[in-house]
Amino acid sequence: MTVIKALPYDFTCDIKNTALVIIDMQRDFCAPGGFGERLGNDITPTRRIIPAIAALLNLFRKHGGMIIHTREGHLPDLSDCPPSKLARSKAKGAGIGDVGPMGRILVRGEFGHDIVEELYPIEDEWIIDKPGKGAFYRTDLEAILQRNGITSLIVTGVTTHVCVHTTVREANDRGYECLVVEDATAAYDIADHEAAIQMIHQQGGIFGWTTNCDKIIQAIQ
Ligand code: C5J
């Protein structure tokens, strides 16, 4: 068993039953001209975590742990995008399906929808395309985890208070033990990130545990 120093107390897992989950490290959230930036956000925080996620990705690749990448996005005809989500996405100028410098925003198959080069999936890594914020909603994620005997998730990616949080809450309700990596997750606003991290480990770990990248590397190596 691997014991990782974490809050609110040590996180214990067996790497064979643990998946590294990388949430939405797509150009639309992390690259200049993407959806995140066009909504008026500074993308520096989402880019800053790329090296920490890459370190965990390499660790899992070396030790043979399961790796899951997610991408938020919609079918080209937007038939899987609720009208409410579509309308609110347009409230600040650039909306889902609109044409931007990297193609149509948050549309599957477009350049901006894909994962940044530094973290690009390789063979045998799972890619979950999700129409919602949570990675379990209208995806095969739960079936994939069950089929592979996964009981624990190490969660990274963006944004901490939106897609990371929704996924962790969905996973927690399904009985998965979630460890969220504070320096491998980010929100555009640091206050949102810090509040989201605090919410996960409060009340004795109401949604799971939090730690940092070095502690995971130390424990697994
Ligand atoms: C958002 C996400 N923030 N990946 N998506 O719309 O958190």
Side-chain angles (χ1 to χ4, degrees), residues 20-50 52-53 68-75 78 80-98 100 102-108 110-116 118-121 126-139 141 153-172 178 180-200 207-208 210:
L20 175 67
V21 182
I22 304 175
I23 305 279
D24 300 358
M25 289 303 289
Q26 300 161 249
R27 294 187 188 95
D28 266 332
F29 296 114
C30 307
F35 187 40
E37 193 177 69
R38 290 177 61 137
L39 290 175
N41 299 303
D42 173 10
I43 58 166
T44 312
T46 62
R47 295 204 64 77
R48 199 185 290 131
I49 60 170
I50 292 174
I53 300 178
I68 298 168
H69 304 258
T70 73
R71 297 185 296 203
E72 180 180 350
H74 297 280
L75 298 169
L78 305 184
D80 60 349
C81 183
S84 55
K85 180 179 182 185
L86 187 60
R88 277 182 282 118
S89 82
K90 294 179 187 288
K92 285 190 85 179
I96 293 168
D98 291 351
M102 293 185 291
R104 293 180 67 207
I105 291 170
L106 287 193
V107 171
R108 295 182 191 172
E110 300 286 342
F111 188 69
H113 171 264
D114 213 350
I115 294 168
V116 296
E118 297 91 327
L119 305 174
Y120 209 77
W126 292 93
I127 301 177
I128 302 289
D129 278 317
K130 61 187 183 67
K133 304 302 180 194
F136 288 84
Y137 173 65
R138 291 177 69 179
T139 73
L141 180 57
L153 308 178
I154 294 182
V155 186
T156 66
V158 296
T159 55
T160 324
H161 60 313
V162 184
C163 289
V164 171
H165 239 262
T166 308
T167 299
V168 167
R169 288 169 187 239
E170 288 178 332
N172 179 59
C178 297
V180 177
V181 192
E182 185 166 354
D183 55 353
T185 49
Y188 299 114
D189 181 337
I190 183 78
D192 289 335
H193 173 73
E194 286 173 354
I197 292 292
Q198 163 76 11
M199 280 177 213
I200 289 164
F207 298 124
T210 65

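First listed ligand is number 1; within each ligand, the first listed atom is number 1.
Electrostatic pairing of K85 and E72 counts as a salt bridge here, judged by a charged N lying under 4.0 Å from a carboxylate O. Taking 4.0 Å as the cut-off between side-chain N and carboxylate O, R104 and D98 do not count as a salt-bridged pair. Contact check on D114 versus R108 returns no salt bridge, with no Lys/Arg side-chain nitrogen under 4.0 Å from an Asp/Glu carboxylate oxygen.
Although no hydrogens or angles enter the test, the distance criterion places no donor-acceptor pair under 3.5 Å between the side chain of K133 and the main chain of T166.
Between D28 and H113, the side chains place no donor N or O within less than 3.5 Å of an acceptor N or O (distance only, hydrogens not considered).
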Exercise answer, ligand 1 polar atom pairs (N/O) under 3.5 angstrom:
{"from": "ligand 1", "atom 1": "3 (N)", "to": "T159", "atom 2": "OG1", "distance (Å)": "3.3"}
{"from": "ligand 1", "atom 1": "4 (N)", "to": "D24", "atom 2": "OD2", "distance (Å)": "2.8"}
{"from": "ligand 1", "atom 1": "4 (N)", "to": "V158", "atom 2": "O", "distance (Å)": "3.1"}
{"from": "ligand 1", "atom 1": "5 (N)", "to": "E72", "atom 2": "OE1", "distance (Å)": "3.0"}
{"from": "ligand 1", "atom 1": "6 (O)", "to": "K133", "atom 2": "NZ", "distance (Å)": "2.9"}
{"from": "ligand 1", "atom 1": "7 (O)", "to": "T159", "atom 2": "N", "distance (Å)": "2.9"}
{"from": "ligand 1", "atom 1": "7 (O)", "to": "T159", "atom 2": "OG1", "distance (Å)": "2.8"}
{"from": "ligand 1", "atom 1": "7 (O)", "to": "C163", "atom 2": "N", "distance (Å)": "3.2"}

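D189 is linked by a side-chain hydrogen bond (donor to acceptor under 3.5 Å, both in side chains) to nothing, counting only residues two or more places apart in sequence or in another chain.
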